[in-house]
Asks: 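Pasting a structure below so you can have a look.
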Amino acid sequence: MTSRAEPGDDRSDPGLSAIMSERRQLINLGYRLLGSLADAEDVVQETYARWYAMSTQERQGVESPGAWLMTVASRICLNLLGSARARRETYVGDWIPEPLPEPTEWITGRSGAGGIDPADRVTLDESVTMAFLVVLDSMTPAERVAFVLHDVFRYPFGEVAEIVGRSPAACRQLASSARRRVRTAQTPAGPSAGQARIVRQFRTAWQAKDIDALISLLDPDATATADGGGLAVTHLLPIVGGEQIARAYAEIARVSGHRTTFLECTVNGLPGLVARQGGDIATVFAFEISGDRIRHIWAVRNPEKLRPWRTG
């Protein structure tokens, strides 16, 4: 992919600052494709390694360094997505995308070419929510790459085809299939302030071990999924049903006692909770809320996925 030139590109010999300025964009891409900030950072390192493995003459021949870096990073992600499916077979419990703190660094990206029907695209901030990332994880690697590049990062199908290794028509079909998955899974979400109020009420009821109040805040068909990765104690199977979740979470509150404090925070751009034990962050909770009920809770306890929270 060399058709899109970015402002500031030095066609004779792109300097270090110009190349490194693409890092944020590459992290944005890698996280959405892989659901892991650590993996995204590894992809960025590998992408830069390949850039500087080229001779000076080869680098000078690249029309758009930014587009070259995005292409290489996308292809690395595509390969990793294929191997990730095999790794998940040995993962202990459910795998949940890595939660992210305040969204400023992760929802800001550079848009590509226009001319695409806005109804067929999602925005960068929508594409970082936990519910959205979980849907992305259900897609095939090719679907995920085609959809994210086209619908999120605005790349035309001709350029997506160069990355995925299929025809533009095939990539259009991949993105269309992925789009149907997203639309099927989407639930109407209320304003952020309203969601924050529900999360606050949930926290209060949970700390009080008030089962009836918890049930009133949960959809009858709600599910709660946890990810400990074999490195932290948690329930291995999803808890299904609002009453079942309420009773299970009340028991968690009883067992943890005063050792745990819950703080309201932003998780992947939406209201969430953080559980602290002994001053350390032990769990990050993300919620999917429809209307005035919680439809899904994602509890991430795998310490390897909580590094951005602990270092931040």
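For clarity, every value in this text was computed on a predicted model and none was experimentally measured.
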Asks: Count the heavy atoms belonging to other residues, nucleotides or ligands that lie under 6.0 Å from CD of Glu304, then report whether that count exceeds 12.
Replies: no

Asks: Please check: side-chain N/O of Lys305 versus main-chain N/O of Ile96, any donor-acceptor pairing under 3.5 Å?
Replies: yes

Asks: Is there a donor-acceptor pair closer than 3.5 Å between any side-chain N or O of Arg276 and the backbone N or O of Gly279?
Replies: yes

Asks: Hey, any chance Tyr52 and Trp68 share a hydrophobic cluster, counting ILVMFWY side chains that come within less than 4.5 Å of each other, even indirectly?
Replies: yes

Asks: Treat each ILVMFWY residue as a node, draw an edge where side-chain heavy atoms are under 4.5 Å apart, and state whether Leu69 and Leu78 are in one component.
Replies: yes

Asks: Check the hydrophobic clustering (I, L, V, M, F, W, Y; side-chain heavy atoms under 4.5 Å; chains of links allowed) and say if Ile76 and Met20 are grouped together.
Replies: yes

Asks: Check this for me, if you would: do Glu46 and Arg50 make a salt bridge, where the nitrogen-to-carboxylate-oxygen distance has to be below 4.0 angstrom?
Replies: yes

Asks: For the CG atom of Leu149 and the CG atom of Leu33, what is their distance to the nearest 0.5 Å?
Replies: 6.5 Å

Asks: To the nearest 0.5 Å, how far apart are CG in Leu26 and CD in Glu41?
Replies: 12.0 Å

Asks: So if I apply the side chain to side chain donor-acceptor pair (under 3.5 Å) rule between Ser176 and each of Arg172, Arg180, Gln173, which one comes out positive?
Replies: Arg180

Asks: So, Ser127 versus Arg32: side-chain donor-acceptor pair below 3.5 Å or not?
Replies: yes

Asks: Using the salt bridge (charged side-chain N to carboxylate O under 4.0 Å, His left out) rule, pick out the option among Arg179, Arg181, Arg183 that qualifies with Asp151.
Replies: Arg179

Asks: Distance from Arg203 atom CZ to Trp206 atom CH2, nearest 0.5 Å?
Replies: 11.5 Å

Asks: In Å, rounded to the nearest 0.5 Å, how long is the span from CD of Glu98 to CZ of Arg307?
Replies: 7.0 Å

Asks: Is Arg144 salt-bridged to Asp137, cutoff N-O under 4.0 Å?
Replies: yes

Asks: Using the side chain to side chain contact (heavy atoms under 4.5 Å, CB included) rule, pick out the option among Thr283, Leu306, Thr225, Thr234 that qualifies with Val300.
Replies: Leu306

Asks: Within the 4.5 Å heavy-atom criterion, are Pro271 and Arg200 side-chain neighbours or not?
Replies: no

Asks: Are any of the side-chain heavy atoms of Arg293 and Pro220 separated by less than 4.5 Å?
Replies: yes

Asks: Look at the side chain of Asp280 and the backbone N and O of Ala282, then say whether any donor-acceptor pair between them is shorter than 3.5 Å.
Replies: no

Asks: Between Asn28 and Arg24, is there a side-chain heavy-atom distance shorter than 4.5 Å?
Replies: yes

Asks: Of the non-hydrogen atoms in Asp94 and Asp227, which two are nearest, and what is the gap between them?
Replies: O-CG, 3.3 Å

Asks: Has the side chain of Gln25 got a donor or acceptor atom that lies under 3.5 Å from a matching backbone atom of Glu22?
Replies: no

Asks: Where is the tightest heavy-atom contact between Val160 and Ala146, given as atom of each residue plus distance?
Replies: CG1-CA, 3.8 Å

Asks: Do Trp95 and Asn302 come within less than 4.5 Å of each other through their side chains, counting heavy atoms only?
Replies: no

Asks: Whether the side chain of Tyr31 engages the backbone of Val128 through a donor-acceptor N/O pair (distance < 3.5 Å, no angle test) should be reported.
Replies: no

Asks: Please say yes or no: joined through hydrophobic side-chain contacts below 4.5 Å, possibly via intermediate residues, are Leu214 and Ile252 part of one cluster?
Replies: yes

Asks: Measure across Trp51 and Val62 and return the closest heavy-atom pair with its distance rounded to 0.1 Å.
Replies: CZ3-CG2, 3.9 Å

Asks: If you look at every heavy atom in Ser83 and Leu80, which pair is closest and at what distance?
Replies: OG-O, 2.9 Å

Asks: Do Val274 and Leu270 sit in the same hydrophobic cluster, where Ile, Leu, Val, Met, Phe, Trp and Tyr count as joined when their side-chain heavy atoms come under 4.5 Å apart?
Replies: no

Asks: Just by modelled atom types, is the Met54 backbone N or O under 3.5 Å from a matching donor or acceptor in the Arg59 side chain?
Replies: yes

Asks: Is there a donor-acceptor contact under 3.5 Å from the side chain of Asn268 to the main chain of Leu100?
Replies: yes

Asks: Which atom pair, heavy atoms only, marks the closest approach of Val199 to Gly272?
Replies: CG1-O, 3.8 Å

Asks: Is it the case that the side chain of Arg295 and the backbone of Asp219 share a donor-acceptor pair, with hydrogens and angles ignored and the cut-off at 3.5 Å?
Replies: no

Asks: Let's go through Arg197 and Gln201 carefully: what are the C-alpha distance in whole Å and the side-chain angles of both, what is the deciding distance for side chain to side chain contact (heavy atoms under 4.5 Å, CB included) to 0.1 Å, and is it a yes or a no?
Replies: CA-CA 6 Å; Arg197 173 180 53 80; Gln201 292 173 342; 3.6 Å; yes

Asks: Over all heavy atoms of both residues, which pair between Ala73 and Val43 is shortest? Give the atoms and the distance, please.
Replies: O-CG1, 3.8 Å

Asks: Counting C-beta onward and ignoring hydrogens, is there a side-chain heavy-atom pair between Trp298 and Pro97 closer than 4.5 Å?
Replies: no

Asks: Tell me, with the steps shown, if Val148 and Phe153 meet side chain to side chain contact (heavy atoms under 4.5 Å, CB included).
Replies: CA-CA 6 Å; Val148 169; Phe153 287 90; 3.7 Å; yes

Asks: Any side-chain heavy-atom pair from Cys265 and Trp309 closer than 4.5 angstrom?
Replies: yes

Asks: Within this structure, what is the CG-CG distance for the pair Leu217 and Asp210, rounded to the nearest 0.5 Å?
Replies: 9.0 Å

Asks: Could you check Met70 against Tyr155 for side chain to side chain contact (heavy atoms under 4.5 Å, CB included), going step by step and ending with a plain yes or no?
Replies: CA-CA 11 Å; Met70 286 286 283; Tyr155 280 89; 3.5 Å; yes

Asks: Can a donor-acceptor pair be found, under 3.5 Å and without considering hydrogens, that links the side chain of Arg166 to the backbone of Ala161?
Replies: no

Asks: What's the spacing between Glu288 CD and Ile294 CD1 if we round to 0.5 Å?
Replies: 11.0 Å

Asks: I'd like to check Val267 versus Phe285 (side-chain heavy atoms, cut-off strictly below 4.5 Å). Are they in contact?
Replies: no

Asks: Can you tell me how the ring of Tyr249 sits relative to the ring of Phe202, calling it parallel under 30°, perpendicular over 60° and tilted otherwise?
Replies: perpendicular

Asks: Step by step, work out the side chain to side chain contact (heavy atoms under 4.5 Å, CB included) result for Leu273 and Glu264.
Replies: CA-CA 5 Å; Leu273 293 175; Glu264 296 171 36; 3.9 Å; yes

Asks: Could you tell me if Arg75 and Asn79 have a donor-acceptor pair between their side chains, going purely by distance under 3.5 Å?
Replies: no

Asks: If only atom types and distance count, is the side chain of Arg247 paired as donor or acceptor with the main-chain N or O of Ile211 below 3.5 Å?
Replies: no

